[in-house]
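Take a look at the structure set out below.
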Amino acid sequence: MTLINNSIQKAVALLNQDQIIGIPTETVYGLAGNIYSIPAIESIFKMKQRPFFNPLIVHIKSVEDLPEIVSVIPEKAFMLAAAFWPGPLTLVLKKQASIPDLVTGGKDTVAVRVPNHSLTLALLEQLDYPLAAPSANPFGCISPTAAEHVANYFKNLLPMVLDGGVCQRGIESTIIGFDNDEPVLYRMGSLAIEDIELIVGPVKMRTHDDNTPMAPGMLSRHYAPLTTTHMSANVTELLKTFVNQKIGVLIFQKGIDNHPNIVAQEILSPTGNLAEAASQLYAALHRLDECKLDVIIAERFPDVGLGKTINDRLERATKK
Ligand code: AMP
Ligand code: MG
């Protein structure tokens, strides 16, 4: 049985024995292990069924620990860390030689952030090493936003999930890399790109002409429910093309009344708040996936702020 509780002491004991555990963050739950323990890092890849070339994110307790992890800090990276840590921003920077290749997928860069969750920050305080933690879902599945999601995914393979409640942000961190010290967007996430640009000016989109394997969050089908999912700016129109099917809809603000084929409806933010909608997205997809539907129809969100991130995740959820 997977232990689900909030005992930092128990979490420390397991991690010190090279075991891995589920940890809460403000974005999604992570599958965490000591970055310097090769057995722990190998277990993370094995449990997630994640290819070894896909690097993990290193979680540190404060910006003061950054020089232990990275060898160079461009000025704009420092400005972003100062503005948003602890918070849902991951920086990809040149790694220190001490960071195992297994953590970085053999790259000479490492992804690092300070998570904004009191329980996990208290846990990191008790450890004398940082934690490598990708999202705590099997490769390609919807990320977990509650301790129960993690326990359901890994059953008794995982000794413990540190229970920190429901994730406040509910979508993965935004990942920023650097090209000649200038910021580049690697993955959209729960920090809006507009907020980042207020601090460092224009951020380039990453291009894929550099022959590096794409990050898993960038694979076209990812964050996907098991149920076939479609997306449309006009859900009512798309609904007409499905006859005699059990349909679940995922809507931004206003529900659809009296439709005979809709058996489940998730409204992400009745007040039209994008941050609230983002925080509800994965939990809603998890619930819809449990309804034994023929199809899920999701509404396209306004293409601004976190709406862009939500659309990015929904597009990946609809890919075959
Ligand atoms: P996850 O926590 O499951 O969302 O996975 C971590 C994300 O960080 C993945 O999308 C990784 O590919 C990305 N990542 C980690 N390290 C690097 C790196 N050195 N360069 C580019 N992306 C990275
Ligand atoms: Mg992930």
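As the structure is a prediction and not an experimental result, all values here were calculated from the model.
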Problem set entry | For Ile60, the option from Leu131, Ile35, Asp65 that meets side-chain contact (heavy atoms from CB on, under 4.5 Å) | Asp65

Problem set entry | For Glu42, all residues meeting side chain to side chain donor-acceptor pair (under 3.5 Å), sequence neighbours excluded | none

Problem set entry | Donor + acceptor pair across side chains of Lys48, Ser135 (<3.5 Å) | yes

Exercise. What distance do Thr228 atom OG1 and Asp294 atom CG have between them, rounded to the nearest 0.5 Å?
Worked result: 8.5 Å

Exercise. With a 4.5 Å heavy-atom cut-off, do Tyr282 and Pro144 have their side chains touching?
Worked result: no

For this session: Give the intermediate values and the outcome of side chain to side chain contact (heavy atoms under 4.5 Å, CB included) for residues Ile69 and Lys95.
Result: CA-CA 6 Å; Ile69 311 298; Lys95 83 179 189 83; over 6 Å; no

For this session: Just do the salt bridge (Lys or Arg N to Asp or Glu O under 4.0 Å) check on Arg316 and Asp312 with the steps written out, would you?
Result: CA-CA 6 Å; Arg316 292 172 207 281; Asp312 171 80; 2.7 Å; yes

Exercise. Under the side-chain contact (heavy atoms from CB on, under 4.5 Å) test, which residues partner Asp181, sequence neighbours left out?
Worked result: Pro74

Exercise. Any luck finding a side-chain donor-acceptor pair between Tyr129 and Asn16 under 3.5 Å?
Worked result: yes

Problem set entry | Residue pair Leu250 / Ile267, side-chain heavy-atom distance below 4.5 Å | no

Exercise. Taking the side chain as C-beta and beyond, is there a heavy-atom pair between Val235 and Ile297 under 4.5 Å?
Worked result: yes

Exercise. Is there side-chain contact between Leu158 and Ile20, with heavy atoms separated by less than 4.5 Å?
Worked result: yes

For this session: Apply the side-chain hydrogen bond (donor to acceptor under 3.5 Å, both in side chains) test between Thr25 and each candidate in His117, Arg113, Arg169, His59; give the one that qualifies.
Result: Arg113

Exercise. Which class fits the ring pair Phe52 and Phe45: parallel under 30°, tilted 30 to 60°, perpendicular over 60°?
Worked result: tilted

For this session: For salt bridge (Lys or Arg N to Asp or Glu O under 4.0 Å), just list the numbers for Arg300 and Glu315, CA-CA rounded to whole Å, side-chain angles, deciding distance to a tenth of an Å, and then say yes or no.
Result: CA-CA 9 Å; Arg300 179 174 288 279; Glu315 266 157 23; 3.1 Å; yes

For this session: Would you indicate whether the side-chain heavy atoms of Asn311 and Asp303 approach each other to under 4.5 Å?
Result: yes

Problem set entry | Distance under 6.0 Å and angle within 45° of ring axis: Arg206 vs Tyr186 | yes

Exercise. Between Ser143 and Glu172, is any side-chain donor less than 3.5 angstrom from a side-chain acceptor?
Worked result: yes

Problem set entry | Any donor-acceptor N or O pair under 3.5 Å, side chains Ser7, Asn5 | no

Exercise. Taking it one step at a time, do Glu182 and Lys204 satisfy salt bridge (Lys or Arg N to Asp or Glu O under 4.0 Å)?
Worked result: CA-CA 8 Å; Glu182 288 302 315; Lys204 281 190 295 184; over 6 Å; no

Problem set entry | Sub-4.5 Å side-chain heavy-atom contact between Leu89 and Leu91 | yes

Problem set entry | Distance-only donor-acceptor check, side chains Asn156 and Thr2, under 3.5 Å | no

Exercise. Taking only residues at least two apart or on different chains, which pairs with a member in residues 74-111 satisfy ring pair (Phe, Tyr, Trp, His ring centres under 6.0 Å)?
Worked result: none

